[in-house]
*Asks:* 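For reference, the structure I am asking about is given below.
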Amino acid sequence: MHQFLIEPLFGRHWIVNGYDLSFTNSALWMVITVASLAVFMLGGMKRELVPGRWQAAVEGFTGFVQGMLTSNIGPEGKRFVPYVFSLFMFILFANVLGLLPFGVVPGWHPFTITSHLTVTGVLAIISFSIVLIVGFGRHGFHFFSLFVPHGTPVLMIPLIFVVELLSFLVRPFSLGLRLFVAMTAGHILLKVLAGFVINGINLGVGYAAIITLPSFVLMIGITLLELLVAAIQAYVFALLTSVYLNDAVNLH
């Protein structure tokens with residue numbers, strides 16, 4: 001489980017007024033993620049009349065997110081494209097970078113920041129906070145009508161209000177937990193299969209044929225599946241964020 005362990009990069013913790021301000025491997029991979037995303041965006045913002053592959057890729061991602069927001073929210077969804085696009089791309093890059101085979105270099109291994117609930121939870125709380133700000137800023141206290149569906153019998157309003165409010169408050173937890181669980185489970189499975197591969201080789205040729213080869217083939221398949229999951233989880237996070245924003249913008 002060392003691949004999930006957060007450690008300071010400079011050998012010791014830097015404690016200031018009781019707070020640990022050490023620059024950790026988690027912080028390093030956040031910087032790498034942001035830097036990689038910045039390089040990707042800068043390389044595709046040339047605005048050429050005939051776009052190259054890089055520019056087409058950037059425009060494709062931007063158009064994809066804009067189309068998702070427009071279909072869920074309507075024309076006003078374009079206002080949220082910068083945030084949701086940044087959220088989607090950050091999660092996607094973080095997920096993919098965590099799968100890179102840096103482990104072939106002794107002493108190096110990738111760190112998947114989205115496998116920590118603190119990271120996914122903060123992203124979910126930021127999204128949830130934006131939903132609340134937009135909802136109350138646009139509708140005021142009428143935003144509470146979201147928790148009472150149209151046509152609810154008067155006698156059922158107190159119960160329905162409590163149920164809807166609790167389901168609304170659970171949203172950030174489910175949003176952050178889904179991404180955290182998916183990435184953690186996938187990496188644990190890959191680690192177990194890698195252990196089978198190494199142990200089978202150490203046990204000899206006979207065990208290698210029985211254990212190592214099937215485990216290695218399965219590991220390749222799971223790695224490809226994890227790449228798909230990395231993209232799906234980024235999409236689901238962005239999609240649910242757009243759905244929640246739709247509730248705040250288009251109050252029913």
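FYI, the numbering just counts along the sequence from 1. Just so we're clear, the structure is a prediction, and the values are computed from it rather than from any experiment.
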*Asks:* Does Ile211 reach the side chain of Ile201, with side-chain heavy atoms less than 4.5 Å apart?
*Replies:*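 A side-chain contact is absent here, since even the closest heavy-atom pair is not under 4.5 Å.
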
*Asks:* Set out, in order, the CA-CA distance, both residues' side-chain angles and the distance that settles ring-ring contact (aromatic ring centres under 6.0 Å, His included) for Phe4 and Phe111, then state yes or no.
*Replies:* CA-CA 7 Å; Phe4 303 112; Phe111 187 90; 8.0 Å; no

*Asks:* Which atom pairs, donor and acceptor, lie under 3.5 Å between side-chain atoms of residues 127-134 and protein residues at least two apart or in another chain?
*Replies:*
from: Ser127; atom 1: OG; to: Tyr83; atom 2: OH; distance (Å): 2.6
from: Ser127; atom 1: OG; to: Leu123; atom 2: O; distance (Å): 3.1
from: Ser129; atom 1: OG; to: Ile125; atom 2: O; distance (Å): 2.7

*Asks:* Determine whether the aromatic ring centres of Phe80 and Phe85 lie less than 6.0 Å apart.
*Replies:*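 Ring-ring flag for Phe80/Phe85: false, centres at least 6.0 Å apart.
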
*Asks:* Would you please test Ile126 and Leu87 for side-chain contact (heavy atoms from CB on, under 4.5 Å) and show each step?
*Replies:* CA-CA 10 Å; Ile126 292 174; Leu87 185 68; over 6 Å; no

*Asks:* Please find the pair of heavy atoms, one from Gln233 and one from Asn95, that lie closest to each other, and give the distance.
*Replies:*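 So the two residues come closest at CB-ND2, 4.3 Å.
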
*Asks:* Nearest 0.5 angstrom please: Asp247 CG to Ile73 CD1, how far?
*Replies:*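 Going from CG on Asp247 over to CD1 on Ile73, the span is 9.5 Å.
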
*Asks:* On a heavy-atom basis, which atom in Trp29 and which in Pro110 lie closest, and how many Å separate them?
*Replies:*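 Here Trp29 and Pro110 meet closest at CZ2-CA, 3.6 Å.
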
*Asks:* Would you check if Phe23 and Val31 make a side-chain contact, meaning some heavy-atom pair closer than 4.5 Å?
*Replies:*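 A side-chain contact exists here, since the closest heavy-atom pair is under 4.5 Å.
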
*Asks:* With a 4.5 Å cut-off on side-chain heavy-atom distances among I, L, V, M, F, W and Y, is there a chain of contacts connecting Met183 to Phe180?
*Replies:*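 As far as the 4.5 Å side-chain criterion goes, Phe180 and Met183 are not connected within one cluster.
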
*Asks:* Give a yes or no on whether the backbone of Leu5 and the side-chain of Asn25 come within a donor-acceptor separation of less than 3.5 Å.
*Replies:*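 The answer is yes, because a donor-acceptor pair under 3.5 Å joins these two groups.
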
*Asks:* What is the ring orientation for Phe161 with Phe144, classed by angle as parallel under 30°, tilted 30 to 60°, or perpendicular over 60°?
*Replies:*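 The rings of Phe161 and Phe144 sit tilted, inter-plane angle from 30° to 60°.
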
*Asks:* Are Leu213 and Leu224 connected in the hydrophobic side-chain network, where two residues link if heavy atoms are under 4.5 Å apart?
*Replies:*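 Not linked; separate clusters.
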
*Asks:* Which pair of non-hydrogen atoms, one from Thr184 and one from Ser115, has the smallest distance, and what is that distance?
*Replies:*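 Closest pair (atom of Thr184, atom of Ser115, distance): OG1-O, 3.1 Å.
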
*Asks:* Could you tell me whether the side chain of Leu9 reaches within less than 4.5 Å of the side chain of Thr24, counting heavy atoms only?
*Replies:*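 No, every pair of side-chain atoms sits at 4.5 Å or beyond.
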
*Asks:* Are any non-hydrogen side-chain atoms of Val148 and Glu164 less than 4.5 angstrom apart?
*Replies:*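 No, every pair of side-chain atoms sits at 4.5 Å or beyond.
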
*Asks:* Measure the CG-CD1 distance between Leu179 and Ile232 for me, rounded to the nearest 0.5 Å.
*Replies:*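 Answer rounded to 0.5 Å: 12.5 Å.
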
*Asks:* Is there a side-chain contact between Met68 and Leu239, using heavy atoms and a 4.5 Å cut-off?
*Replies:*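 Side-chain contact under 4.5 Å: yes.
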
*Asks:* Under 4.5 Å between side-chain heavy atoms, hopping through other hydrophobics if needed: is there a path connecting Leu177 to Val122?
*Replies:*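 Different hydrophobic clusters.
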
*Asks:* Can you pull the ring-ring contact (aromatic ring centres under 6.0 Å, His included) pairs that have at least one residue in residues 221-241, sequence neighbours excluded?
*Replies:*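 Counting only pairs at least two positions apart or across chains, the ring-ring contact (aromatic ring centres under 6.0 Å, His included) contacts touching residues 221-241 are Phe64-Tyr235.
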
*Asks:* Compute whether any side-chain donor of one residue and acceptor of the other, for Thr112 and His187, lie under 3.5 angstrom apart.
*Replies:*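 Per modelled atom types, Thr112 and His187 side chains form a pair under 3.5 Å.
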
*Asks:* Side chains of Arg79 and Leu245: does their closest heavy-atom pair fall under 4.5 Å?
*Replies:*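 Answer no - side chains too far apart.
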
*Asks:* Got a sec, which residues hit side chain to side chain contact (heavy atoms under 4.5 Å, CB included) with Met156, two or more places apart in sequence or on another chain?
*Replies:*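 Met156 satisfies side chain to side chain contact (heavy atoms under 4.5 Å, CB included) with Thr152, Pro153, Leu159, Ile160 once adjacent residues are dropped.
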
*Asks:* Do Phe61 and Leu42 belong together in a cluster built from hydrophobic side chains that touch within less than 4.5 Å?
*Replies:*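 Phe61 and Leu42: separate clusters.
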
*Asks:* CD1 of Ile91 to CG of Leu37: how many Å apart, nearest 0.5 Å?
*Replies:*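 Between atom CD1 of Ile91 and atom CG of Leu37 there are 11.5 Å.
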
*Asks:* When you measure from the side chain of Thr212 to the backbone of Val197, do you find a donor-acceptor pair of N or O atoms at a distance under 3.5 Å?
*Replies:*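 Answer holds: yes.
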
*Asks:* Is the side chain of Ser242 donor-acceptor paired with the backbone N or O of Leu69 at a distance under 3.5 Å, no angle test?
*Replies:*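 Checking the backbone N and O of Leu69 against the side chain of Ser242, no donor-acceptor pair under 3.5 Å is found.
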
*Asks:* Identify whether Phe173 and Val243 are in the same connected component of the hydrophobic contact network (ILVMFWY, side-chain heavy atoms under 4.5 Å).
*Replies:*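 Per the 4.5 Å side-chain linkage, Phe173 and Val243 are not co-clustered.
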
*Asks:* Anything under 30° is parallel, anything over 60° is perpendicular, the rest tilted; go ahead and classify Phe143 against His139.
*Replies:*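 Parallel: the ring planes of Phe143 and His139 meet at under 30°.
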
*Asks:* Is there a side-chain contact between Arg178 and Leu240 in this structure, where contact means two heavy atoms from C-beta onward sitting under 4.5 Å apart?
*Replies:*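 They are in contact (side-chain heavy atoms under 4.5 Å apart), so the answer is yes.
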
*Asks:* Could you give me the CA-CA distance, side-chain angles and deciding distance for Met219 and Lys191, then say whether side-chain contact (heavy atoms from CB on, under 4.5 Å) is met?
*Replies:* CA-CA 9 Å; Met219 187 176 176; Lys191 183 70 173 181; over 6 Å; no

*Asks:* If you count heavy atoms of other groups shown closer than 6.0 angstrom to CG of Leu155, is the number above 12?
*Replies:*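 No, CG of Leu155 has 12 or fewer neighbouring heavy atoms, counting only those of other groups under 6.0 Å.
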
*Asks:* Looking only at heavy atoms, which two atoms of Ser174 and Tyr244 are closest? And how far apart?
*Replies:*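 In terms of heavy atoms, the two residues are closest at OG-OH, 4.4 Å.
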
*Asks:* Is any side-chain heavy atom of Phe196 closer than 4.5 Å to one of Phe216?
*Replies:*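 Contact flag for Phe216/Phe196 side chains = no.
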
